[in-house]
Protein chains: 2
Amino acid sequence: MPREIDRRAARTRKALHEALLALMLRKGYEALSVQDIIDEADVGRSTFYAHYTGKEDLLRSGFRMLREELKEAQSAARAGAEASHDDPLGFSTAIFEHAARYADHYRTMIGGRGGAVTENEIRLILSEMVRQELPPTLHDEAIPRDFVVQFIVGAFLTTLNWWFERKPKLPPSQVDAMFRSLVLDGLSPLIGGDRRSVDSQAAKSR
Amino acid sequence: MPREIDRRAARTRKALHEALLALMLRKGYEALSVQDIIDEADVGRSTFYAHYTGKEDLLRSGFRMLREELKEAQSAARAGAEASHDDPLGFSTAIFEHAARYADHYRTMIGGRGGAVTENEIRLILSEMVRQELPPTLHDEAIPRDFVVQFIVGAFLTTLNWWFERKPKLPPSQVDAMFRSLVLDGLSPLIGGDRRSVDSQAAKSR
DNA sequence: GAAAAACCCGAACAAGCTGTCCATCATCAT
DNA sequence: ATGATGATGGACAGCTTGTTCGGGTTTTTC
């Protein structure tokens, strides 16, 4: 049954994806040529174009697989701890642990190595995740929900990037704690002027 | 005296910079070729290479000018309102107003149109500014100062990007207020669970 | 096991971009 | 005005890209 994909084709595609990953870590996506990829993968020129229309097509193909996998991880994390309501941003832990496990993949995406396409893709994926986890209503209508989503996504990318560039690699739990401290409470607790009382949203001390 | 630069040279460079700016807004930096630039600027091929070693050199040259100008704006803002201590992040207003005035320039840098070089440059410039304005000591030593700086810079870029993509263009003051609300106080005031006093994740015992 | 189908490979091709060279010409200082 | 300076445009070889084609190999199907 030709229902399945030919083994040779599967082998070729896998080789191309691995070559792309390795080369992106070494040189970055934009500086890459198709020649480099087929040379690294040891694949003929026409073979490459028989599978993909160019290097961007190959890159996007990889993202389709990653997106599926990340959604699974999110579902699993949500099923494991259904504290979605009393613990906002609870899914951040799962993301940082996932990033620690697939550090190479994440490194190709974060920090400018991946080019504009990669940046866009990872932003879209994270945006969708955050949008699902964020409560549907916010207490302050002056701040659009859309903006809050982008803010959180940006904080994720910033944190991941800083984490990967760090010399001694911190454990995911510690990075997660720092991330949540800044995103949830802001940096008022860190600097002198705690101007929380200025706002009408007074501190509801227990 | 040929102390000053030849007028012809100045004219050529200005044309090249304007062409680069226009083309970056239209096609993005990475998709640009030297051919496109000299065609847009109506300049000969060898003329281009007589001034710059390539398109990246031209891009960086533009940044040298922008950096000077931004530092001036920062100094002016600091001189105008020397509330640097009782008003943290006070310089954010100046940045958003500057961005509103030079919207085209900023648009080329934010949102992936500028490529890796641009992203790096703007991050460096903003990092230096933030580092200067941030108090030297933080109340929580568990969070590195370096990480806080990157967090703020990322928030700036996220906010600027969201602002530019927005259909009806909001005034700088409003964007600034939203930015400061999120960065200073976090999103705890926005969502239900105000878990400020909770340090350990003992969410299950409830 | 054999025929048929699908796939991989290598070479060759036009088209486009890159960086450099040199002769020409406009602009500058004297 | 008149050399001297240096900006200018066009032509050049070298390289990468994306496509096409025929021959050879592996896989699937019967």
Side-chain angles (χ1 to χ4, degrees), chain A residues 1-24 26-62 64-65 113-118, chain B residues 1-62 64-65 108 113-118:
Chain A
M1 293 131 38
R3 207 87 219 138
E4 308 295 333
I5 300 175
D6 201 311
R7 291 178 205 162
R8 293 169 295 179
R11 221 164 50 88
T12 297
R13 296 189 189 190
K14 187 176 174 184
L16 285 174
H17 274 118
E18 286 174 357
L20 178 65
L21 183 67
L23 287 175
M24 279 177 72
R26 206 183 307 156
K27 299 175 56 179
Y29 173 74
E30 298 290 352
L32 237 58
S33 68
V34 175
Q35 194 69 39
D36 294 329
I37 301 175
I38 66 179
D39 191 59
E40 171 86 14
D42 199 28
V43 158
R45 182 162 202 71
S46 54
T47 305
F48 176 90
Y49 285 105
H51 286 274
Y52 306 99
T53 68
K55 66 172 182 170
E56 181 170 328
D57 190 28
L58 171 62
L59 180 67
R60 287 192 194 276
S61 163
R64 274 193 288 274
M65 303 189 292
R113 261 174 291 260
V117 175
T118 303
Chain B
M1 291 295 258
R3 195 96 211 126
E4 307 297 333
I5 299 175
D6 201 313
R7 293 178 204 162
R8 296 169 293 178
R11 219 165 52 87
T12 298
R13 295 190 190 189
K14 187 176 174 186
L16 286 174
H17 274 118
E18 286 175 357
L20 177 66
L21 183 68
L23 287 174
M24 280 177 72
L25 280 174
R26 206 183 309 159
K27 299 175 57 178
Y29 174 75
E30 299 289 353
L32 236 59
S33 68
V34 175
Q35 193 69 38
D36 294 328
I37 301 175
I38 65 179
D39 189 58
E40 172 84 13
D42 199 28
V43 158
R45 181 158 207 76
S46 57
T47 305
F48 177 89
Y49 285 105
H51 287 276
Y52 306 100
T53 68
K55 65 171 183 170
E56 182 170 328
D57 191 27
L58 172 62
L59 181 67
R60 288 192 194 276
S61 163
R64 274 193 289 274
M65 302 190 294
T108 63
R113 263 174 291 260
V117 175
T118 303

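Chain letters run A, B, ... following the sequence lines, proteins first, then strands; residues in each count from 1.
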Open item on the list: Contact list please: residues 20-28 of chain B against DNA chain C, heavy atoms, distance less than 4.0 Å, in numerical order.
Closed with: none

Task: Residues in contact with DNA chain C, drawn from residues 41-55 of chain B - heavy-atom cutoff 4.0 Å - done: Arg45(B), Ser46(B), Tyr49(B)

Protein-nucleotides 2-6 of chain C N/O pairs closer than 3.5 Å?
| from | atom 1 | to | atom 2 | distance (Å) |
| --- | --- | --- | --- | --- |
| dA6(C) | N3 | Arg8(A) | NH2 | 3.1 |

Task: Axis-to-axis angle between the two ends of the helix from dG1(C)-dC30(D) to dT30(C)-dA1(D) (five base pairs per end, rounded to 10 degrees) - done: 30°

Taking side-chain hydrogen bond (donor to acceptor under 3.5 Å, both in side chains) as the definition, give me every residue that meets it alongside [X], ordered by chain and number, with sequence neighbours left out.
X: Arg60(B); answer: Glu56(B), Glu121(B)
X: Lys27(B); answer: Asp36(B)
X: Arg113(A); answer: none
X: Glu18(B); answer: none

Output the rounded distance in Å from [atom1] ([X]) to [atom2] ([N]).
X: Asp39(B); N: dG9(D); atom1: CG; atom2: P; answer: 12 Å
X: Arg13(B); N: dT8(D); atom1: CZ; atom2: C1'; answer: 15 Å
X: Arg7(A); N: dT29(D); atom1: CZ; atom2: C1'; answer: 13 Å
X: Ile38(B); N: dT18(C); atom1: CD1; atom2: C1'; answer: 10 Å
X: Gln35(A); N: dC17(C); atom1: CD; atom2: C1'; answer: 16 Å

Task: Derivation of the side chain to side chain contact (heavy atoms under 4.5 Å, CB included) call for Thr108(B) and Thr118(B) - done: CA-CA 9 Å; Thr108(B) 63; Thr118(B) 303; 5.9 Å; no

TODO: Could you tell me which non-hydrogen atom of Asp57(B) sits nearest to which non-hydrogen atom of Arg64(B), and how far apart they are?
DONE: OD1-NH2, 4.5 Å

Open item on the list: Show the nearest heavy-atom pair for residues Gly62(B) and His17(B), with the distance to one decimal.
Closed with: N-NE2, 3.5 Å

TODO: Drop me the distance from Leu59(A)'s CG to Leu20(A)'s CG, to the nearest 0.5 angstrom.
DONE: 6.0 Å

Open item on the list: If we ignore hydrogens and angles and just use 3.5 Å, is the side chain of Thr12(A) paired with the main-chain N or O of Arg8(A) as donor and acceptor?
Closed with: yes

Open item on the list: Checking contacts here: which listed nucleotide (dT16(D), dT8(D), dA7(D)) is nearest the side-chain heavy atoms of Thr12(B)?
Closed with: dT8(D)

Name each donor-acceptor pair under 3.5 Å that joins a side chain in residues 39-51 of chain B to protein atoms two or more places apart or in another chain, with its distance.
| from | atom 1 | to | atom 2 | distance (Å) |
| --- | --- | --- | --- | --- |
| Arg45(B) | NH1 | Gln35(B) | OE1 | 3.2 |
| His51(B) | ND1 | Arg13(B) | NE | 3.0 |

